Amino acid sequence: MPTSEVPVVRFAPSPTGWLHVGGARTVLFNWLFARRTGGRFLLRVEDTDTERNRPELVDAIYDSIRWLGLDWDGEPVHQSDRFDAYREAARQLADAGHAYWCACSAEQVQARAKERGGPPGYDGFCRDRGLGPGEGRALRFRTPDEGTTSFDDVVRGRVEFENRTLEDLVVLRSNGTPTFILANVVDDAWMGITHVIRGEEHVNGTPKYLLIGDALGLGYRPVFAHLPVLVDEQRRKLSKRRDDVAVSDYRAAGYLPEAMVNYLALLGWGPPDGVEIRPLAEIVELFRLEDVTPSPAFFDVRKLQHVNGEYIRGLAVDDFVARAATFLPPGERPRQALQAMAPLVQERVRTLAEVPELIDFLWLDEPALDAAAWDKAMVRGKGAREVLDATLAGLERLGDDGWSAGTVRAVLEAAAVDAGLVGAEGKPQLAKAQAPVRVAVTGRAVGPPLFEAIEVLGRDATLGRLRAARARLG
RNA sequence: GCCCCCGUCGUCCAGUGGCCCAGGACGCCGCCCUUUCAAGGCGGUAACGCGGGUUCGAAUCCCGUCGGGGGUACCA
């Protein structure tokens with residue numbers, strides 16, 4: 001029985017893979033609920049399957065949770081430390097006749113089901129054989145033949161199951177280790193979990209969970225809240241196999257943890273006032289489990305990108321530089337280039353990973369030349385030679401001390417006029433004039449504001465690239 | 001097959017009998033701003049799966065149907 005007055009929730013990861021976004025969303029909602037209600041958020045590592053277990057992943061999961069800016073209370077429980085408790089529970093079930101020993105192998109169960117042509121699953125072969133424990137024997141829980149089991153789900157309302165549709169499930173493997181549901185029930189009761197907030201895929205296991213708890217005489221019943229699954233574009237549950245979903249991947253792709261968490265909060269829930277992008281602290285205040293939507297949510301990377309862009313633009317410049325620096329190639333030049341261009345770059349990227357490609361021409365000795373950009377600005381664009389010549393001449397007259405975005409701009413304007421690129425009122429058409437210069441200097445058709453970039457690049461490099469481009473143009 | 005869940009714009013979230021010929025956000029389209037690209041501003045596109053009820057009145061309630069998803073392991 002819960003000994004605590006406050007809500008207690010838990011996240012129970014299995015160390016068989018990295019934390020993926022679906023799991024992260026589950027962590028978040030548990031965390032939000034706990035923080036909102038003044039409850040406790042616990043962690044429980046479900047490593048009962050000694051075969052698939054990968055202990056080294058436990059730290060990776062903790063890291064991802066921490067990276068998201070979330071935390072947990074107390075020390076995580078490891079189920080591998082509690083096998084005695086589960087075996088004791090299993091013994092209790094067997095003694096009371098709620099479970100029986102089964103000698104069927106998984107293969108035999110499958111084979112019989114196939115032969116029957118009927119539904120897959122266990123057929124109750126050993127139900128009344130009165131077998132005792134022994135080599136190769138697993139303990140199965142005997143589900144009731146009649147009656148119904150139901151519960152009130154916070155997000156779905158009442159859910160009801162007919163007991164006869166429930167198959168007898170293994171609670172203790174033939175190797176003596178407990179299975180998921182047994183360990184789950186025992187630990188939830190032991191840890192005083194008041195609210196089980198987990199993925200929708202667990203709905204079907206809930207009646208078995210409840211029945212086992214009753215058979216154990218736990219007198220314990222948590223509140224359930226089954227969160228909608230996260231789906232991909234095919235509307236299938238996000239899968240580690242099919243989809244690229246590890247939280248660490250998003251970190252590596254240049255997403256900010258604040259943005260990630262904010263976006264995740266929007267899947268299956270929404271703030272009552274419709275303001276979607278806001279600090280976690282505010283979300284904590286607004287969050288209510290009862291408001292969670294029951295229908296599956298599509299994990300939309302494009303919206304994530306938008307949210308991320310908002311957060312990036314909201315960063316203090318120094319903070320932005322510090323965070324983006326991780327994504328730069330090593331060396332002083334990239335670092336200095338970023339420092340000099342930061343405010344202009346910050347406004348133009350949606351992920352930190354986009355930063356280097358935007359300004360790499362500032363530290364590369366020979367930036368790659370985009371063929372399409374060259375063709376459009378130099379070959380098909382009007383007056384490219386004239387613009388280049390006039391710009392070259394103008395910039396050559398500028399000394400190092402007169403070198404600034406402002407003076408460069410003035411040179412470009414004059415060059416535009418020289419090249420005949422003028423508008424109706426004789427105004428220089430800067431948009432057209434800068435095109436060939438941009439391609440010559442950066443190799444690309446798009447990038448940060450040109451004059452500022454040229455200021456940072458410096459006189460020598462700029463003139464060199466301009467001359468090279470002019471020579472190539474012929 | 002059986003069990004369970006879900007069903008409002010392409011996507012996420014609002015909407016819980018009349019305020020909705022459905023609102024916000026992302027995306028998309030257009031315009032403005034503009035040295036490119038972004039950002040920003042303005043405008044637009046686009047949905048209550050279908051069929052029956054109940055009701056003066058339904059996106060909102062009921063039934064059916066169709067569709068989608070999840071589970072059905074000695075994985076969790």
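Residue numbers start from 1 in every chain, and the chains themselves are labelled A, B, ... in the order their sequence lines are given, proteins ahead of strands. Given the structure is predicted, the values throughout are model-derived calculations rather than measurements.
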Next on the checklist: Just N and O in the side chain of A:R156: are any of them under 4.0 Å from OP1 or OP2 of B:rC4?
Outcome noted: no

Next on the checklist: At less than 4.0 Å, is any side-chain N or O atom of A:K376 found next to OP1 or OP2 of B:rU36? Yes or no.
Outcome noted: no

Checklist outcome for this item: Which of B:rG68, B:rC13, B:rG40 is nearest the side chain of A:R313? It is B:rG40

Item to check | Candidates B:rC26, B:rG71, B:rG69 - which lies nearest the side chain of A:V229 | outcome: B:rG69

Checklist entry - With no hydrogens and no angle check, is any side-chain donor or acceptor of A:T148 less than 3.5 Å from a backbone partner on A:F161? => result no

Let's test this: given Watson-Crick or G-U wobble pairing with both distances under 3.5 Å, identify the partner of [N].
{"N": "B:rG43", "value": "B:rC29"}
{"N": "B:rC12", "value": "B:rG24"}
{"N": "B:rU72", "value": "B:rG1"}
{"N": "B:rC19", "value": "none"}

Checklist entry - Using the ring of each side chain (for Trp, its six-membered ring), is A:Y209 parallel, tilted or perpendicular to A:F224, with breaks at 30° and 60°? => result perpendicular

Checklist entry - For A:Q79 and A:N184, does a side-chain donor sit closer than 3.5 Å to a side-chain acceptor? => result no

Next on the checklist: Over all strands shown, is A:P294 touching base, sugar-phosphate only, or nothing at heavy-atom distances under 4.0 angstrom?
Outcome noted: sugar-phosphate

Item to check | Option passing ring pair (Phe, Tyr, Trp, His ring centres under 6.0 Å) with A:Y263 (candidates A:Y255, A:Y311, A:F299) | outcome: A:F299

